[in-house]
Amino acid sequence: MPIIGQDVVAANIIKYTRGFIAQTNLVMRNVEAIVSTKIKDNISLTDHSLQQLAQLNHPYSLRNTQQLHDPNYQVHTQSGKLLDSEQSGTVDAEVSESGTLKATAWVKLDPAIAPYAVFIVYGTSKMIPRSVLMGSRDEVTDEIKEYITTNLKNLRISLS
Amino acid sequence: MTVEEKIIAGIRKILIADATLSSIIGTNVYASHISSITKPVYPAISLYVISGSGADYNALGMATVNLQIDTWLPTQQYDMSTIMQVQDRLRNILHRQSITDATIPVSGSGWERNIGPVIVEEDVELLHLPVVYTFMAF
């Protein structure tokens with residue numbers, strides 16, 4: 001028995017896949033924005049100047065570790081370089097031959113702009129770590145899961 | 001004893017008992033961040049519960065804890081190969097391994113979540129490798 005219409009089915013599979021990937025890329029750009037905004041919020045505190053932190057006996061140091069904020073990985077803006085170093089992006093989604101979808105959104109603090117960022121995030125022998133990248137991501141994880149589910153579930157793409 | 005303290009106690013016991021790690025760091029495994037220790041002895045490992053990710057209790061009393069495990073080696077005595085050896089060993093004994101210990105008592109396991117860069121603190125001549133693990137235990 002001859003098989004007919006397979007070219008239409010194949011074309012529709014390709015069309016659907018391309019539509020799904022395009023939507024995934026759009027969703028991931030918004031996920032990037034959610035994470036990036038949260039990180040910027042968390043490295044933009046302005047309620048304590050360097051002078052005030054000194055008056056508090058350096059609350060992030062071994063001499064007098066204390067929790068100024070909740071969560072305590074939040075960072076004050078001083079020169080503004082840390083905020084300037086925040087960069088984000090996405091990697092275009094792709095489906096592997098085995099059918100696995102891979103989509104990536106990333107945010108980083110560029111050490112070329114703020115070389116001390118690594119000391120803030122991971123701490124030093126004299127200063128506690130303030131895990132602002134991982135902590136910020138964890139803060140918005142539930143929001144991101146809900147956003148992805150809402151925007152990729154029951155996706156409708158026009159086929160021929 | 002909170003679940004966080006039990007997890008830290010369990011991990012500290014595992015690290016001290018490991019022959020490979022103890023040949024490098026001895027028993028210098030600190031249960032809080034190295035910056036909180038008065039006159040720490042190096043080489044050392046310190047354990048620090050990352051803020052904002054502390055014990056999250058559910059009906060079973062299970063807690064999820066993100067822990068930064070920092071390795072500190074004096075640059076005059078150690079190089080990159082040793083710090084990578086420590087990281088490999090940590091992975092072997094902690095990643096997807098049980099931290100169950102009836103004497104503490106703690107029951108659970110953990111997995112490696114993030115490896116930081118090797119950081120050189122030039123003023124105090126220290127190599128620093130931070131790795132982050134998530135542990136689920138009760």
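Convention: sequence-line order gives letters A, B, ...; per-chain numbering from 1.
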What's the spacing between [X] [atom1] and [Y] [atom2] if we round to 0.5 Å?
X	Y	atom1	atom2	answer
Asp138(A)	Ile50(B)	CG	CD1	8.5 Å
Ser125(A)	Ile37(B)	OG	CD1	12.0 Å
Glu121(B)	Lys126(A)	CD	NZ	5.5 Å
Asn66(B)	Met134(A)	CG	CE	4.0 Å

Examine [X] and [Y] and state if one hydrophobic cluster contains both, with Ile, Leu, Val, Met, Phe, Trp and Tyr joined whenever side-chain heavy atoms are less than 4.5 Å apart.
X	Y	value
Val120(B)	Ile24(B)	yes
Ile39(A)	Tyr116(A)	yes
Ile115(B)	Phe135(B)	yes
Trp106(A)	Leu83(A)	no
Ile4(A)	Ile13(A)	no

Using every non-hydrogen atom in the two residues, find where [X] and [Y] come nearest and quote the distance to one decimal.
X	Y	result
Tyr48(B)	Ile128(A)	OH-CD1, 3.8 Å
Asp70(B)	Tyr122(A)	OD1-O, 4.2 Å
Arg137(A)	Arg113(B)	NH2-NH2, 2.9 Å

For atom CD of Gln6(A), decide whether the heavy atoms of other residues, nucleotides or ligands shown that lie under 6.0 angstrom number more than 12. yes
Would you mind reporting whether Val124(B) and Thr124(A) have side-chain heavy atoms less than 4.5 Å apart? no
Region of Val131(B) in contact with chain A, defined by heavy-atom distances below 4.5 Å: neither
